[in-house]
Amino acid sequence: MADIRPFRAYRPAPGLESTIAALPYDVFSRKEAKTYVDAHPGTFLAIDRPESQFPDSVDTYDDRVYRKAAQMLQERIRKGDFVQDPNSWYYLYSQTYEGRTQTGIVALASIDDYLHFVIRRNENTLEKKEKDRICHVDTCNAQTGPIFLAYRNDPVIDEITAEVLRQDPVCDFTSEGGVENRVFLINDRKKIDAIQKAFTGIDKIYIADGHHRAASAVKVGLSRREKNPGYTGEEEFNYFLSVLFPADELEIMAYNRIVKDLNGKTPEEILFEVGAKFEVESQRKHAVVPAKKGEIGMYLDGVWYRLNAKKDITSAEPVKGLDVSILQNEVLDPVFGIKNPKEDPRIEFAGGIRGTTFLKERADACHGAAFSMYPTNIHELFAVADARKLMPPKSTWFEPKLLSGLFIHELDGQK
């Protein structure tokens, strides 16, 4: 039974949404963040990446950086750039990109549901990345970037969502990349109660994106419980900011791979080794975009090849059966010598939104190879999480990204 609650969000003052809303902090390097903030002084990225306010000599994880984030957030609240809603509500956040719309419920999810496996994860997290968001959330006393959650469709929630979408949005703007963003209020008491009750009948919710933000929010909550031994469980720090999407509205894009060298082998040797596990078909100069599971595109020495996995390397097991696992286990490791794709500097990952031209250009530039993948689907993600297993690094790419700064969840004054 999932505990998904309404809350009193801080939201941009009307008319400021398009100026404030920003892509998530982790899609920018430090240099990119500083350049973007300099060009967009009102952007929330300045608060999400506060090192943009300091010279490069100041470490990204310096305590002064996090204090600056808290200072900027409070200054903008006092200025009136952000306004807190008068009551606890749910919100709908709808995004339309390239003709496809996804609409999620903005709400709070329970750290206990995360701890008790109601909210299920499928990726490992890195301690350094967790620590960064722990410091940011704890110092700001607020969660500023939502966790992207998914659940199997529920008819009650679907019906209420359809009704609310017929209302006028409280904001409607197009962000970079041509994404239309709309926000709707769910402030009717009957609808709020019905949604909350419907979620109590859902026993499995999945992290689609934002594993580090989720883990950090949970650790901040647990730390505050230790500091407040008389906590009741109702305090805001027991919950974290989320957007929950029904599974049938989500689309996962491919996460492609580039290998920066040929591991000391000739293209002919690589083709011979790959041919032992795949049916290999030359497509010459025509880029390969896989059309089905078990099909992989390989760009090597100026030529595109279509690779079809032979039956003996496929699997019904949730992780081994993923195309990204097949590529890692049958090609990247034995042929290219990449044992640990999370740490090996010879591999680069590219979201499917970049396309095959990017793969070709990167492979040509480093005299390596590139691989275009068939996307992992949402049901494969669910199956891995249900089995309490982990996906290989960079298995899924969700597009569009949830913008930060549209909703802020304050954790209250207890430290």
Side-chain angles (χ1 to χ4, degrees), residues 1-7 9 24 26 88 90-93 102-127 129-130 133-134 137 142-154 156-157 161 195-225 231 233-250 252 318-319 376-391 395-396 398 401-402 404 407 409 411:
M1 291 171 42
D3 183 4
I4 303 298
R5 299 196 173 192
F7 70 112
D26 52 358
S88 292
Y90 290 119
Y91 308 83
L92 285 187
Y93 181 17
Q102 58 185 33
T103 301
I105 292 180
V106 186
L108 301 183
S110 164
I111 68 172
D112 287 315
D113 282 349
Y114 180 97
L115 295 170
H116 297 147
F117 200 55
V118 174
I119 296 174
R120 304 186 172 200
R121 41 215 182 267
N122 58 75
E123 286 184 11
N124 268 327
T125 54
L126 300 175
E127 184 178 358
K129 289 186 176 182
E130 275 190 32
R133 286 301 103 177
I134 288 171
V137 169
Q143 295 151 355
T144 59
I147 288 86
F148 190 140
L149 301 179
Y151 63 94
R152 293 181 175 89
N153 287 64
D154 177 88
V156 172
I157 299 174
T161 296
I195 290 172
Q196 193 161 8
K197 182 179 179 181
F199 274 116
T200 63
I202 296 175
D203 62 356
K204 298 174 185 177
I205 292 176
Y206 303 85
I207 299 177
D209 200 8
H211 282 79
H212 287 92
R213 289 191 291 276
S216 301
V218 170
K219 289 184 178 179
V220 170
L222 293 176
S223 173
R224 295 201 176 192
R225 285 180 174 183
Y231 77 91
E234 296 298 311
E235 298 86 355
E236 295 295 320
F237 57 71
N238 294 289
Y239 296 87
F240 56 87
L241 179 63
S242 305
V243 186
L244 298 101
F245 290 91
D248 70 353
E249 290 196 1
L250 298 179
I252 303 176
V319 176
T376 303
N377 67 52
I378 193 71
H379 302 292
E380 289 177 314
L381 183 153
F382 287 177
V384 171
D386 287 343
R388 301 199 180 202
K389 295 183 180 293
L390 301 174
M391 288 187 172
S395 293
T396 57
F398 286 88
K401 301 294 184 187
L402 303 182
S404 295
F407 308 93
H409 172 226
L411 300 188

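Residues take their numbers from the sequence shown, with the count starting at 1.
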A.B. asks: So, taking the atom named CG in Leu402 and the one named CD in Gln102, what distance separates them when rounded to the nearest 0.5 Å?
C.D. replies: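 Rounded to the nearest 0.5 Å, the CG-CD separation comes out at 7.0 Å.
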
A.B. asks: How far does OG1 of Thr161 sit from CD1 of Ile105, to the nearest 0.5 angstrom?
C.D. replies: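 With rounding to 0.5 Å, OG1 (Thr161) is 4.5 Å from CD1 (Ile105).
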
A.B. asks: Kindly write out the residues that satisfy salt bridge (charged side-chain N to carboxylate O under 4.0 Å, His left out) with Glu123, not counting sequence neighbours, or none if the list is empty.
C.D. replies: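 For Glu123, no residue satisfies salt bridge (charged side-chain N to carboxylate O under 4.0 Å, His left out) once neighbours in sequence are set aside.
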
A.B. asks: Name all residues meeting the side chain to side chain donor-acceptor pair (under 3.5 Å) criterion together with Thr376; count only those two or more places apart in sequence or in a different chain, and write none if there are none.
C.D. replies: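 Residues passing side chain to side chain donor-acceptor pair (under 3.5 Å) with Thr376: none at all.
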
A.B. asks: Ion pair present between Arg225 and Asp112, side-chain N to carboxylate O less than 4.0 angstrom?
C.D. replies: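 Between Asp112 and Arg225 there is a salt bridge, with a charged N closer than 4.0 Å to a carboxylate O.
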
A.B. asks: Give me the atom names and distance for the closest heavy-atom approach of Ile147 to Gly210.
C.D. replies: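 So the two residues come closest at CG1-O, 3.7 Å.
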
A.B. asks: Please enumerate all residues that pass side chain to side chain donor-acceptor pair (under 3.5 Å) together with Thr103, with sequence neighbours excluded.
C.D. replies: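 Thr103 satisfies side chain to side chain donor-acceptor pair (under 3.5 Å) with Ser94 only.
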
A.B. asks: Step by step, work out the side chain to side chain contact (heavy atoms under 4.5 Å, CB included) result for Gln143 and Tyr239.
C.D. replies: CA-CA 10 Å; Gln143 295 151 355; Tyr239 296 87; over 6 Å; no

A.B. asks: Not counting sequence neighbours, which residues clear side chain to side chain donor-acceptor pair (under 3.5 Å) with Ser395? List them please.
C.D. replies: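 Checked Ser395 against side chain to side chain donor-acceptor pair (under 3.5 Å); zero matches.
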
A.B. asks: Could you work out, with salt bridge (charged side-chain N to carboxylate O under 4.0 Å, His left out) as the rule, every residue matching Arg152, not counting sequence neighbours?
C.D. replies: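 Salt bridge (charged side-chain N to carboxylate O under 4.0 Å, His left out) check on Arg152 returns Asp386.
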
A.B. asks: Does Glu234 have any side chain to side chain contact (heavy atoms under 4.5 Å, CB included) partners at least two apart in sequence or in another chain, and if so, which?
C.D. replies: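 In terms of side chain to side chain contact (heavy atoms under 4.5 Å, CB included), with neighbours along the sequence ignored, Glu234 is linked to Arg5, Thr232.
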
A.B. asks: Enumerate the residue pairs fulfilling ring pair (Phe, Tyr, Trp, His ring centres under 6.0 Å) with a member in residues 204-225, sequence neighbours excluded, ordered by first and then second residue.
C.D. replies: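 For residues 204-225: Tyr206-Phe382.
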
A.B. asks: Just how far is it from atom CD1 of Ile4 to atom CD of Gln196, taken to the nearest 0.5 Å?
C.D. replies: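 Answer for the CD1-CD pair, Ile4 versus Gln196, is 9.0 Å.
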
A.B. asks: State the CD1-CZ distance between Ile205 and Phe245, to the nearest 0.5 angstrom.
C.D. replies: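 Result: 13.0 Å between the selected atoms.
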
A.B. asks: Please find out if less than 6.0 Å separates the ring center of Phe7 from that of Phe240.
C.D. replies: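 No, they do not, as the ring centres are separated by 6.0 Å or more.
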
A.B. asks: Rounded to the nearest 0.5 Å, what separates atom OG1 in Thr200 from atom CE in Met1?
C.D. replies: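 Separation between the atoms: 5.0 Å.
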
A.B. asks: Could you work out, with side chain to side chain contact (heavy atoms under 4.5 Å, CB included) as the rule, every residue matching Ala208, not counting sequence neighbours?
C.D. replies: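 By the side chain to side chain contact (heavy atoms under 4.5 Å, CB included) rule, Ala208 matches Phe148, Phe398.
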
A.B. asks: Tell me, please, which residues at least two apart from Asp113 pass salt bridge (charged side-chain N to carboxylate O under 4.0 Å, His left out).
C.D. replies: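 Asp113: no salt bridge (charged side-chain N to carboxylate O under 4.0 Å, His left out) contacts found.
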
A.B. asks: With Asn377, which residues qualify under side chain to side chain contact (heavy atoms under 4.5 Å, CB included), at least two apart?
C.D. replies: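 In terms of side chain to side chain contact (heavy atoms under 4.5 Å, CB included), with neighbours along the sequence ignored, Asn377 is linked to His379, Glu380.
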
A.B. asks: Rounded to the nearest 0.5 Å, what separation is found between the OG1 atom of Thr396 and the CD1 atom of Ile252?
C.D. replies: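 Reported to 0.5 Å precision, the distance equals 5.5 Å.
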
A.B. asks: Could I get the full list of side chain to side chain donor-acceptor pair (under 3.5 Å) partners for Thr125, not counting sequence neighbours?
C.D. replies: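 Here the qualifying residues are Glu130.
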
A.B. asks: Closest approach of Ala198 and Ile157, non-hydrogen atoms and distance?
C.D. replies: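 Minimum heavy-atom separation between Ala198 and Ile157: CB-CG1, 3.7 Å.
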
A.B. asks: Testing the basics here: between Asn122 and Ile207, what is the closest heavy-atom pair and its distance to 0.1 Å?
C.D. replies: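 Closest heavy-atom pair between Asn122 and Ile207: ND2-O, 3.1 Å.
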
A.B. asks: According to side chain to side chain contact (heavy atoms under 4.5 Å, CB included), who are the partners of Lys401, at least two apart in sequence or on a separate chain?
C.D. replies: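 Lys401 satisfies side chain to side chain contact (heavy atoms under 4.5 Å, CB included) with Leu23, Pro24, Asp209, Trp397, Glu399 only.
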
A.B. asks: Identify the two heavy atoms, one from Ala247 and one from Asn153, that lie closest to each other, and give their separation to 0.1 Å.
C.D. replies: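 Residues Ala247 and Asn153, closest heavy atoms: N-OD1, 3.5 Å.
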
